[in-house]
Amino acid sequence: MKQPPIRWAAYASPLGAMTLAATPAGLCGVWFDGQQHFDGPAADWQHDAADATLIETATQLDDWFAGRRQAFDLPLDPHGTEFQRAVWSALVQIGFGQSLAYGDVAAALGRPTATRAVGAATGRNPISIVVPCHRLIGRSGALTGYAGGLARKVALLAFEAGEPGLWRDAP
């Protein structure tokens with residue numbers, strides 16, 4: 001059975017250009033240009049800047065970056081394994097300005113020894129910012145990797161901590 005085409009549009013964020021993507025079921029991607037595990041829209045994707053889900057995503061991202069929104073209200077359709085989707089669902093529960101350790105998420109999923117697997121799933125998160133993988137940190141408080149670039153992770157965390165001047169200068 002053939003999948004419906006993915007629709008995509010470009011989005012200009014304060015942290016750099018992004019690609020937004022959606023299926024008929026919901027948002028399936030928010031990536032920074034150059035982000036790990038994303039090479040850009042696939043040849044069979046349809047560019048559609050008039051798509052309602054993509055327009056609403058851009059509007060909510062604008063509000064988030066402007067400090068008018070702390071959570072997103074969008075239908076999500078991330079593509080991944082069952083474990084990855086469970087991790088991404090757990091990430092959505094981490095509130096604005098909060099952070100958790102990878103091990104905390106593993107324990108919450110009933111897999112306390114799966115810290116590295118949580119990290120790997122987090123690195124494959126296809127819906128940056130909306131599914132806030134930037135809120136995961138190392139047990140010691142260390143800012144470990146971020147598929148969109150560590151400078152962006154630092155900027156996003158600083159922004160959520162109330163230091164907006166710091167994120168405006170990030171890549």
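Owing to the predicted nature of the structure, the values given are computational and were not obtained by experimental measurement.
Ser99 OG to Ile94 CD1: the interatomic distance, rounded to the nearest 0.5 Å, is 8.0 Å. Separation of atoms NZ (Lys153) and CG (Leu15) is listed at 14.0 Å; rounding is to 0.5 Å. For the atom pair Thr19 OG1 and Asp39 CG, the distance stands at 11.0 Å (nearest 0.5 Å). The distance from the OG1 atom of Thr57 to the CE atom of Met18 is 10.5 Å, given to the nearest 0.5 Å.
The minimum heavy-atom distance linking Pro75 with Ala25 is given by the pair CB-O, 3.7 Å. The nearest pair of heavy atoms linking Asp51 to Ala22 is OD2-CB, 4.1 Å. Nearest heavy-atom pair, Cys28 versus Thr23, reported as atom, atom and distance to 0.1 Å: SG-CG2, 3.9 Å.
Remark: aromatic rings of Trp64 and Phe159 are close, center separation under 6.0 Å.
Using a distance-only test at 3.5 Å, with no hydrogens or angles considered, a donor-acceptor pair links the side chain of Gln98 to the main chain of Gly95. The main-chain N or O of His47 is never found under 3.5 Å from a side-chain atom of Arg7 such that the two would form a donor-acceptor pair. For Asn125 (side chain) and Val131 (main-chain N/O), a donor-acceptor pair under 3.5 Å exists by modelled atom type. With hydrogens and angles ignored, the 3.5 Å screen pairs no side-chain donor or acceptor of Tyr11 with any backbone N or O of Trp31.
Using a 4.5 Å heavy-atom threshold, the side chains of Asp73 and Gln60 count as touching. Looking at heavy atoms from C-beta onward, Leu27 lies out of side-chain contact with Asp77 at the 4.5 angstrom threshold. Side-chain contact between Leu61 and Ile129 is present, with heavy atoms from C-beta onward closer than 4.5 Å. Here the side chains of Pro126 and His79 are not in contact, with every heavy-atom distance at 4.5 Å or above. The side-chain heavy atoms of Val118 and Phe83, taken from C-beta on, include a pair separated by under 4.5 Å. Two residues are said to be in side-chain contact when any heavy atoms from C-beta on lie closer than 4.5 Å; Ser13 and Phe65 meet this criterion. Here the side chains of Trp88 and Cys133 are not in contact, with every heavy-atom distance at 4.5 Å or above. Looking at heavy atoms from C-beta onward, Trp45 lies out of side-chain contact with Pro5 at the 4.5 angstrom threshold.
The side-chain hydrogen bond (donor to acceptor under 3.5 Å, both in side chains) analysis of residues 110-123, with sequence neighbours excluded, yields no pairs.
Ile55 belongs to no hydrophobic cluster with other residues, because no ILVMFWY side-chain heavy atom falls under 4.5 Å from its own, directly or through intermediates.
Considering Leu76, Val92, Leu20 in turn, Leu76 is the only one that fulfils the side-chain contact (heavy atoms from CB on, under 4.5 Å) rule with Val130.
Of the N and O atoms on the side chains of Glu160 and His134, at least one donor lies less than 3.5 Å from an acceptor on the other residue.
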* Take Arg69 and Phe96, measure what side-chain contact (heavy atoms from CB on, under 4.5 Å) needs, and give me the verdict at the end. => CA-CA 9 Å; Arg69 166 181 291 280; Phe96 184 91; over 6 Å; no
* To do: Given side-chain contact (heavy atoms from CB on, under 4.5 Å), test Trp8 with Gln46 step by step and report yes or no.
  => CA-CA 6 Å; Trp8 72 277; Gln46 295 177 352; 5.7 Å; no
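If you chain together hydrophobic residues whose side chains sit under 4.5 Å apart, Leu91 and Phe72 fall into the same group. No path of Ile, Leu, Val, Met, Phe, Trp and Tyr side chains, each step under 4.5 Å between heavy atoms, connects Ile6 with Ile127, placing them in separate hydrophobic clusters.
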